[in-house]
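The model shown is predicted, which means the values in this text are computed figures rather than measured ones. Side chains are part of it too, since the values below use all heavy atoms of this structure and drop only hydrogens, waters and symmetry mates.
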Amino acid sequence: MKAVEIFMIRKSFTRNSSEAIRQEAEDMINEKHYKGYRLINVDFDVADNAGYIYAFITMKKPNTY
């Protein structure tokens with residue numbers, strides 16, 4: 001069983017996409033935290049020439065060492 005899980009959120013790069021992806025990432029982190037996950041890292045990235053903004057969220061699964 002892997003102790004770490006990585007989640008990815010992808011949004012089209014538009015006018016308010018940075019705020020929208022930040023809010024969606026925050027909501028997901030809060031939801032997973034209530035299920036026992038612990039946050040390790042959050043990284044936001046803009047793909048060149050693809051028109052997308054990504055959020056990569058790394059969390060430790062509950063009851064793992």
List the atom pairs, donor and acceptor, that lie under 3.5 Å between side-chain atoms in residues 4-13 and the rest of the protein, sequence neighbours left out.
residue : atom : partner : partner atom : Å
E5      : OE1  : Y37     : OH           : 3.1
K11     : NZ   : E24     : OE1          : 2.9

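Across all their heavy atoms, A55 and A25 have their closest contact at CB-CB, 4.4 Å. In plain terms, the two heavy atoms of V42 and L39 that are nearest each other are CG2-CD1, 3.6 Å.
The structure places OH of Y52 at 12.0 Å from OG of S17, a figure rounded to the nearest 0.5 Å. Taking CG of D43 as the reference point, atom CD1 of I57 lies at 10.5 Å (rounded to 0.5 Å). Separation of atoms CG (D45) and CD1 (I53) is listed at 8.5 Å; rounding is to 0.5 Å. If you take CD on Q23 and CG on D27, they are separated by 4.5 Å, rounding to the nearest 0.5 Å.
The salt bridge (charged side-chain N to carboxylate O under 4.0 Å, His left out) pairs that include a residue from residues 32-42 are E31-K35, where partners are two or more places apart or lie in different chains.
Put simply, I29 and I21 are part of the same group of oily side chains (I, L, V, M, F, W, Y) that touch within less than 4.5 Å, one to the next.
Within a 6.0 Å radius of CZ in F56, other residues, nucleotides and ligands contribute more than 12 heavy atoms.
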